[in-house]
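Atoms within a ligand are numbered from 1 in the order they appear, just like the ligands themselves.
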Amino acid sequence: MWVGVVSLFPELIRGIATVGVLGRALRQGGLAIEVFNPRDHATDRHGTVDDRPYGGGPGMVMLAEPLLASIGEAKSKAPSAARVVCLSPQGKRLDQAGVERLAGQTSLVLVTGRYEGIDERVLQLAVDEEVSIGDYVLTGGELPAMVLIDAISRLLPGTLGNSESALSESHLDGLLEYPHYTRPETVAGLKVPPVLLSGDHAAVEKWRRAQALRRTWRRRPELLARRRLSDQDAALLEAELEGPDEETNDA
Ligand code: 4GY
């Protein structure tokens, strides 16, 4: 997958991408990132990329023309027709289904803003969709762009090393993850749940499913409200909720 990122802070984009799964995806060639700086398309000798908002008010607005030129440059360098996505709190909220959909593109251009926002005509003329990573406001779109790239990178073929891991991960079937444990068996008096040491694979699977259902019900009930539980899951959850509360922070 090829990703062009339009950003006034190219070094911020490049800096994040060298470690972990994302770094491996970049080194192994499953993912390529190119950065395009609107400053390179400023039309005055000061390199101006922002101006005061029409109608007044605080802050500055990103000029349309340097952004449009940058998006055009990115699209022209993309190896295939690129979908153009702008990261902003005004977008549709990103979830794992949205990540999967965008991971299916071969070329993507991510437009990041700074200051108070982007001239609306850029969105009308050159952006296919707006995506938000959550209902809070950051100082720029660079971190959201990297969040999106990171989430996409672990779905790309051959990047996780263990592609099963990406597929079985929490949000794919819409439930939160079951709790994980590794050595030692006791940490500050807290023991690993005995079923995980039993060697009974079916019992382990059943326990993990029950834990995932319980956590989702307790922490994110709206995720369960959107789906129908199988009879088996409903029975597991009911039995789980009858039991004692965990002595942890999630009840
Ligand atoms: N939340 N999800 C987000 C954000 C910052 C002013 C436009 C978000 O995606 N982006 O908070 N972005 C703003 C800052 C220009 C982007």
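- Cluster annotation: Ile13 is not connected to Tyr115 through the hydrophobic network of ILVMFWY side chains, with a link wherever side-chain heavy atoms come within less than 4.5 Å.
- Around atom CD of Glu185, no more than 12 heavy atoms belonging to other residues, nucleotides or ligands sit under 6.0 Å away.
- For Pro144, every heavy-atom contact with ligand 1 shorter than 4.0 Å involves the side chain, none the backbone.
- The closest protein non-hydrogen atom to atom 1 (N) of ligand 1 is Tyr136 O, 2.9 Å.
- Using a 4.0 Å cut-off between heavy atoms, Val131 contacts ligand 1 through its backbone alone, with no side-chain atom that close.
- The protein atom (non-hydrogen) at minimum distance from atom 9 (O) of ligand 1 is Ser88 N, 3.3 Å.
- Taking only nitrogen or oxygen atoms, main chain and side chain alike, Glu116 does not reach within less than 3.5 Å of ligand 1.
- For atom 5 (C) of ligand 1, the nearest protein heavy atom (residue, atom name, distance) is Leu138 O, 3.4 Å.
- The CG atom of Leu213 sits 9.0 Å away from the CG atom of Leu241 when rounded to the nearest 0.5 Å.
- The backbone of Arg114, and not its side chain, has at least one atom closer than 4.0 Å to an atom of ligand 1 (non-hydrogen atoms only; backbone = N, CA, C, O).
- Scored by the side chain to side chain contact (heavy atoms under 4.5 Å, CB included) test, Trp207 finds Pro179, Tyr181, Pro193, Val195, Leu196, Gln211 as partners (sequence neighbours excluded).
- At the shortest separation from atom 2 (N) of ligand 1 among protein heavy atoms lies Ile133 N, 2.9 Å.
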